[in-house]
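Notes follow once the structure below has been shown.
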Amino acid sequence: MIVNESKLRSTMVSVCQRVWDRGWVANHDGNASARLRRDRLLCTPTGESKAGLKGEMMLVVDGQGKVVSGRLRPFSELALHRAWFDAREDVQAVLHAHPPVATAYGVAGRELPHPFLPEAVVTLGPEIPTVPLTLPGADAVAALTPYLADHDALLLAGNGVLVCGADLEQAYL
């Protein structure tokens, strides 16, 4: 698959802006990544508001999360994104945000009441598992791993939602 990097950067900026506009992130919360090719990802930088991102601010990282191009730093949850890319070839984009209602369920330690609408089942699947709260890093990846093969949307206890898709638009939707 050949990916137009310039177009992908533009799409990432657009999706991040829409996530900001909807109030699904605040300050410099949330992150996004997309597959450029098997061993390269385009991702948002850490510490930057999604409202003010520009295409040239995005980073290209390798399969281990090392910066290949870009002058900013990658976000700390990149290993969670990489786990989904490693687990499934169909995953081309991952998005992490803090939609208030879903995040409140995760912070309260409650499962999302799903399926809540037939359309949601078609889009999100028959269940949206809650990944247990863990320490960042290897523990978080280990907690996430059992859900990656069969789910496109996950509630992260204490940390919002993580979704994947065939592209950034699908992950956003």
Side-chain angles (χ1 to χ4, degrees), residues 12 15-35 41-51 53 58-59 61 63-65 73-117 119-173:
M12 191 170 282
V15 165
C16 288
Q17 180 68 55
R18 285 184 279 159
V19 167
W20 170 267
D21 289 343
R22 288 197 168 263
W24 293 348
V25 293
N27 192 6
H28 58 269
D29 296 355
N31 38 67
S33 63
R35 197 186 305 257
L41 301 175
L42 184 70
C43 70
T44 55
T46 191
E48 299 290 335
S49 170
K50 301 311 162 278
L53 287 177
M58 303 307 166
L59 307 168
V61 297
Q64 291 5 212
R73 292 180 312 134
F75 53 89
S76 62
E77 295 162 327
L78 184 57
L80 300 180
H81 292 233
R82 287 184 13 248
W84 232 332
F85 289 116
D86 291 346
R88 291 177 39 195
E89 298 234 353
D90 65 314
V91 171
Q92 298 298 309
V94 178
L95 184 62
H96 171 60
H98 301 130
V101 173
T103 301
Y105 272 90
V107 169
R110 300 198 44 205
E111 299 282 326
L112 283 173
H114 185 69
F116 48 88
L117 293 170
E119 293 84 357
V121 173
V122 170
T123 310
L124 301 171
E127 71 172 343
I128 301 170
T130 299
V131 178
L133 183 62
T134 63
L135 293 172
D139 290 344
V141 172
L144 191 77
T145 299
Y147 305 103
L148 299 177
D150 299 320
H151 299 91
D152 294 343
L154 302 171
L155 178 63
L156 304 175
N159 193 15
V161 299
L162 191 67
V163 294
C164 71
D167 55 34
L168 282 164
E169 185 69 22
Q170 185 184 48
Y172 168 77
L173 293 173

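Hydrogens, waters and symmetry mates play no part in the numbers below; they use all other heavy atoms, side chains included.
- The distance from atom CE of Met58 to atom OG of Ser33, rounded to the nearest 0.5 Å, is 11.5 Å.
- Looking at every heavy atom in both residues, Leu133 comes nearest to Gly158 through CD1-CA, 4.3 Å.
- Looking at Thr103 and Val161, their side chains never come closer than 4.5 Å, going by heavy atoms from C-beta outward.
- Here the side chains of Leu42 and Leu59 are not in contact, with every heavy-atom distance at 4.5 Å or above.
- Residues Leu80 and Leu162 form a side-chain contact, since some pair of their non-hydrogen atoms from C-beta on lies under 4.5 Å apart.
- Scanning for ring-ring contact (aromatic ring centres under 6.0 Å, His included) contacts around His98 gives His96, with sequence neighbours left out.
- Heavy atoms only, all atoms of each residue included: Ala171 and Ala93 are closest at CB-O, 4.3 Å.
- Inter-residue side-chain proximity for Gln17 and Leu53 is flagged as unmet; no heavy-atom pair is nearer than 4.5 Å.
- If you take CG on Leu154 and CD1 on Ile128, they are separated by 9.0 Å, rounding to the nearest 0.5 Å.
- Nearest heavy atom pair, residue Ala153 against residue Trp84, reads N-CH2, 4.2 Å.
- In this structure, the separation between NE2 on His81 and CG on Leu41 is 9.5 Å, given to the nearest 0.5 Å.
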Exercise. Would you please test Leu95 and Val15 for side chain to side chain contact (heavy atoms under 4.5 Å, CB included) and show each step?
Key: CA-CA 9 Å; Leu95 184 62; Val15 165; 4.1 Å; yes
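- Counting only residues at least two apart or in different chains, side chain to side chain donor-acceptor pair (under 3.5 Å) contacts with residues 141-151 comprise Glu127-His151.
- In this structure, OH on Tyr172 lies 11.0 Å from SG on Cys16, to the nearest 0.5 angstrom.
- For Ala87 against Leu148, the heavy-atom pair with the smallest separation is CB-CB, 4.0 Å.
- Once rounded to the nearest 0.5 Å, the distance linking CZ of Phe75 with CG of Asn31 reads 4.0 Å.
- Residue Arg35 holds its CZ atom at 12.5 Å from CG of Leu168, rounded to the nearest 0.5 Å.
- Under a cut-off of 6.0 angstrom, the local environment of CZ in Arg88 is crowded, with over 12 non-hydrogen atoms contributed by other residues, nucleotides or ligands.
- Here Arg18 pairs with Glu169 in a salt bridge; the nearest charged N to carboxylate O distance falls below 4.0 Å.
- Here the side chains of Leu78 and Val61 are in contact, with some heavy-atom distance below 4.5 Å.
- The shortest distance between side-chain heavy atoms of Pro129 and Leu155 does not fall below 4.5 Å.
- Counting only heavy atoms from C-beta outward, the side chains of Phe85 and Cys164 never approach each other to under 4.5 Å.
- Residues His28 and Glu48 form no side-chain contact, since every pair of their non-hydrogen atoms from C-beta on lies 4.5 Å or further apart.
- Between the side chains of Glu77 and Asn159, a donor-acceptor pair is found at a separation under 3.5 Å.
- What you find for Thr134 and Ala140 is that their closest heavy atoms are OG1-CA, 3.1 Å.
- Judged purely by atom type and a 3.5 angstrom limit, Lys50 uses its side chain to pair as donor or acceptor with the backbone of Gly30.
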